Amino acid sequence: MSKITNIRKGRSEDMKAVLGLIQELAHFEKEPDAVLVTVDDLIRDGFGTNPLFHVFVAEVENEVMGIALYYYRYSTWKGKIIHLEDLVVKDEMRGTGLGYALYSEIIKQGKLDNVRRIDWHVLDWNTPAIDFYEKSGAKVLRDWDVAQMDEAAINYFLENKLK
């Protein structure tokens with residue numbers, strides 16, 4: 001397999017393959033047990049009346065080999081922006097241009113939607129990705145830390161800090 005045959009908007013029937021790529025990414029990022037989302041969650045959340053995300057899929061010989069999953073956010077400084085949640089390419093397809101094609105599709109979507117910024121996260125040890133993004137003209141903001149609360153932290157806060 002080597003030739004990209006199609007990049008298109010994902011459909012509900014693609015979500016099993018999308019979940020497989022999400023799980024592959026979790027292994028790559030050394031978090032193999034972190035994925036809690038299910039195929040049913042992806043279908044519900046991506047294809048209902050008010051979808052929470054959108055996804056491009058890259059097919060090679062009719063098999064989904066890469067995804068770019070994104071959603072819209074609002075910046076108080078910039079207005080409407082795209083958040084690229086995950087750009088994932090199957091291991092055997094890395095270095096074939098598939099990731100670049102998906103990345104380009106997100107940037108084209110941002111232009112089409114008149115967003116003022118596209119954001120994403122990259123792990124500080126993923127130097128090939130950082131190099132790729134910087135060569136494309138993206139700024140990697142090394143002076144910002146990501147803050148988040150997982151479900152346990154949310155529960156802890158609500159049970160202990162609001163008293």
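The model shown is predicted, which means the values in this text are computed figures rather than measured ones.
In this pair, Tyr100 and Tyr103 present their aromatic rings tilted. The plane angle is within the 30 to 60° band. Ring-plane geometry between His83 and Tyr71 is classed as tilted, the angle between the planes lying from 30 to 60 degrees on a 0 to 90 degree scale.
Few gaps surround CD on Glu13; more than 12 heavy atoms of other groups in view lie less than 6.0 Å from it. The number of heavy-atom neighbours closer than 6.0 Å to CZ of Arg44, taken from other residues, nucleotides and ligands shown, is above 12. Heavy-atom neighbours of Trp125 CH2 from other residues, nucleotides or ligands within 6.0 Å: above the threshold of 12.
Across all non-hydrogen atoms, the minimal contact from Met15 to Arg11 is CE-O, 3.3 Å. Scanning all heavy atoms of the two residues, the minimum distance from Ile106 to Ile118 falls at O-CD1, 3.9 Å. Residues Leu84 and Tyr70 come closest through the heavy atom pair CA-CB, 4.1 Å. Closest approach of Val89 to Leu21, counting heavy atoms only: C-CD2, 4.3 Å. Scanning all heavy atoms of the two residues, the minimum distance from Ala68 to Leu87 falls at CB-CD1, 3.9 Å. When all heavy atoms of Lys30 and Pro32 are compared, the pair lying nearest together is C-CD, 3.4 Å.
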Does the side-chain contact (heavy atoms from CB on, under 4.5 Å) test come out yes or no for Ile82 and Tyr72, once each step is laid out?
CA-CA 5 Å; Ile82 283 178; Tyr72 296 95; 3.6 Å; yes

Stepwise, does the side-chain contact (heavy atoms from CB on, under 4.5 Å) test hold for Arg8 with Asp14?
CA-CA 11 Å; Arg8 62 173 171 78; Asp14 298 318; 2.7 Å; yes

What verdict does the side-chain contact (heavy atoms from CB on, under 4.5 Å) test give for Val35 and Leu19, after you've listed the backbone C-alpha separation in whole Å, the side-chain angles of each residue and the deciding distance to 0.1 Å?
CA-CA 9 Å; Val35 177; Leu19 181 58; 4.0 Å; yes

Before giving the answer on side-chain contact (heavy atoms from CB on, under 4.5 Å), spell out for Ile22 and Ile67 the whole-Å C-alpha distance, their side-chain angles and the decisive distance to 0.1 Å.
CA-CA 9 Å; Ile22 291 168; Ile67 63 167; 4.2 Å; yes

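No chain of hydrophobic side-chain contacts below 4.5 Å, direct or via other Ile, Leu, Val, Met, Phe, Trp or Tyr residues, connects Met93 to Val57. No continuous path of ILVMFWY side-chain contacts below 4.5 Å connects Ile130 to Val88, so the two sit in separate hydrophobic clusters. Under the 4.5 Å side-chain heavy-atom criterion for grouping Ile, Leu, Val, Met, Phe, Trp and Tyr, Ile81 is not connected to Val55 through any hydrophobic cluster. Both Val115 and Trp120 are assigned to one and the same hydrophobic cluster, defined by single-linkage of ILVMFWY side chains at heavy-atom distances under 4.5 Å.
Expressed to the nearest 0.5 Å, how far CG of Leu112 lies from CG of Asn114 amounts to 7.5 Å. A distance of 10.5 Å separates NE2 of His27 from CG of Leu25, quoted to the nearest 0.5 Å. For the atom pair CG of Asn126 and CZ of Phe132, the computed distance is 11.5 Å after rounding to the nearest 0.5 Å. Interatomic distance, NZ of Lys90 versus CD of Glu24, reported as 5.5 Å (0.5 Å rounding). If you take CG on Asn155 and CG on Asn160, they are separated by 10.0 Å, rounding to the nearest 0.5 Å. In this structure, CH2 in Trp77 is found 9.0 Å from CZ in Arg117, a value given to the nearest 0.5 Å.
Pairs engaging residues 72-87 under the salt bridge (Lys or Arg N to Asp or Glu O under 4.0 Å) rule: Arg73-Asp119 [sequence neighbours left out].
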For residues 143-150, tabulate all N or O donor-acceptor pairs below 3.5 Å that involve a side-chain atom, not counting sequence neighbours.
unit_1, atom_1, unit_2, atom_2, d
Asp150, OD1, Ala152, N, 3.3
Asp150, OD1, Ala153, N, 2.8

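Both cation-pi conditions hold for Arg94 and Phe28: the charged atom is under 6.0 angstrom from the six-membered ring centre and inside a 45 degree cone around its axis.
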